[in-house]
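Shown next, in structure tokens, is the structure this report addresses.
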Amino acid sequence: MKLSHAVLASALFISACSDAPQTQITNLNQLQPASPPPEMVQKPDFGDYKIVEEKKKAFVAFLKPGVTYINGLIENARTRLSSLSGAASINQDDQAFLAKVADLFNLPLPENGPDQAWFKEALKRVDIIPADLVLSQAAKESGWGTSRFAREGNNYFGQWCYTSGCGMVPSARSQGKTHEVAVFKDTFQSIRAYFLNVNRNKAYASLRDIRADLRKDGKPVTGVALANGLESYSERGQAYVEEVQGMIRYNEEYWSQG
């Protein structure tokens, strides 16, 4: 199934993210996907769980549908991109789709239209992120959903924003720093913000290179492998990467549920 530019925009466009575009989409009646995203407004109180195993199961059951939904949309968009990269001609609908991809993934189209270099980079960015990696980072950054930022701001990935009043001021913010922790309307927005951040932010270009190399070599795209490109996600660098990889391996039974 082809993913129209409207569907892609509906699924991935965000209004509150440190790396989000600030333009607004109009014609909202045209931005309805074939199937609606999962309802992720009423979240469990993960702090109420006394049994760790039950908390982990509840955490994955709540977040994984959103991760799966966005990965499915990205897979469809990637399929269409791949098809268009070898097309002899591109029609008006295709051009609109490519323009939306260019906007969402911070990849301006060449003046004379998309060339093979543009498609190559686009396919690096429009690609899935394994659920075990997404969920491991969400668990690590939010304390399995118990952090103040997750509970009050639906922020499960520690995303920052840089405009005064855009989010929540962290209590441990160093003097002279101005960042805030972004606030999202619901958990689904936090997940799609994470996807766009990792898939287009220059800080994670190495992750995208790793993923592209795995694709080229015909190897599976795994969370453990992609985590090697996350050194810039935390000031702790390689230590952070190793902790995320450890979480992926240790909690494999939970990531695979559902």
Side-chain angles (χ1 to χ4, degrees), residues 1 3 6-20 25 31-46 49 54-78 104-105 125-147 149-159 161 167 181-201 204 207 211 221-223 226-227 230 233 244 247-248 251-258:
M1 179 183 70
L3 181 70
V7 172
L8 183 65
S10 174
L12 296 180
F13 186 82
I14 54 178
S15 59
C17 173
S18 60
D19 190 42
I25 296 178
L31 302 183
Q32 297 301 316
S35 59
E39 182 67 43
M40 304 186 73
V41 177
Q42 297 297 324
K43 55 181 178 287
D45 187 344
F46 297 108
Y49 286 88
E54 293 301 317
K55 176 165 66 175
K56 290 183 177 182
K57 289 179 180 178
F59 183 85
V60 173
F62 178 60
L63 268 73
K64 191 172 181 179
V67 176
T68 301
Y69 182 87
I70 293 178
N71 268 330
L73 291 168
I74 288 177
E75 285 180 337
N76 287 338
R78 180 178 174 81
L104 286 173
F105 292 90
R125 301 186 184 203
V126 184
D127 204 346
I128 65 162
I129 304 175
D132 57 2
L133 176 57
V134 182
L135 294 169
S136 292
Q137 282 199 271
K140 182 170 181 58
E141 296 291 335
S142 72
W144 293 93
T146 62
S147 73
F149 303 122
R151 289 184 288 105
E152 299 178 16
N154 294 308
N155 189 330
Y156 288 80
F157 299 93
Q159 297 107 314
C161 55
V181 178
V183 170
F184 299 95
K185 183 178 69 173
D186 55 41
T187 303
F188 186 71
Q189 284 197 3
S190 179
I191 296 172
R192 60 188 178 184
Y194 166 85
F195 268 82
L196 283 176
N197 185 33
V198 172
N199 274 337
R200 70 186 186 182
N201 193 316
Y204 312 117
L207 179 148
R211 187 171 56 190
V221 176
T222 68
L226 295 197
L230 289 173
Y233 205 94
V244 170
M247 288 189 70
I248 292 174
N251 296 286
E252 183 177 358
E253 64 179 293
Y254 301 105
W255 310 145
S256 59
Q257 76 179 44

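Hydrogens, waters and symmetry mates play no part in the numbers below; they use all other heavy atoms, side chains included. Just so it is clear, the structure is predicted and the values come from calculations on it, not from any experiment.
Contact between S142 and A150 at its shortest, heavy atoms only, is CB-CB, 3.9 Å. Scanning both residues, A139 and M247, for their nearest heavy atoms gives CB-CE, 3.7 Å. Minimum heavy-atom separation, S136 to D132: OG-O, 2.7 Å. For the residue pair A182 and N155, the shortest heavy atom distance occurs at O-ND2, 2.8 Å. When all heavy atoms of V221 and L226 are compared, the pair lying nearest together is CG1-CD1, 3.7 Å. The two residues V126 and A77 make their nearest non-hydrogen contact at CG1-CB, 3.9 Å.
By the 4.5 Å heavy-atom criterion applied to side chains, I128 and E75 are counted as neighbours. For the pair L133/I248, a side-chain contact is recorded, criterion being any heavy-atom separation below 4.5 Å from C-beta on. Between E39 and D186 there is no side-chain heavy-atom pair separated by less than 4.5 Å. In this structure, the side chains of V67 and F195 come closer than 4.5 Å at one or more pairs of heavy atoms.
No hydrogens or angles considered: a donor-acceptor pair under 3.5 Å links the side chains of K56 and N251. With no hydrogens or angles considered, a side-chain donor-acceptor pair links N199 and R211 at under 3.5 Å. Under 3.5 Å, the side chains of Y194 and Q137 contain a donor-acceptor pair of N or O atoms.
The backbone N or O of Y156 lies less than 3.5 Å from a partner atom in the side chain of S190, making a donor-acceptor pair.
F59 and W144 have perpendicular rings, their planes meeting at more than 60° on a 0 to 90° scale where under 30° would count as parallel.
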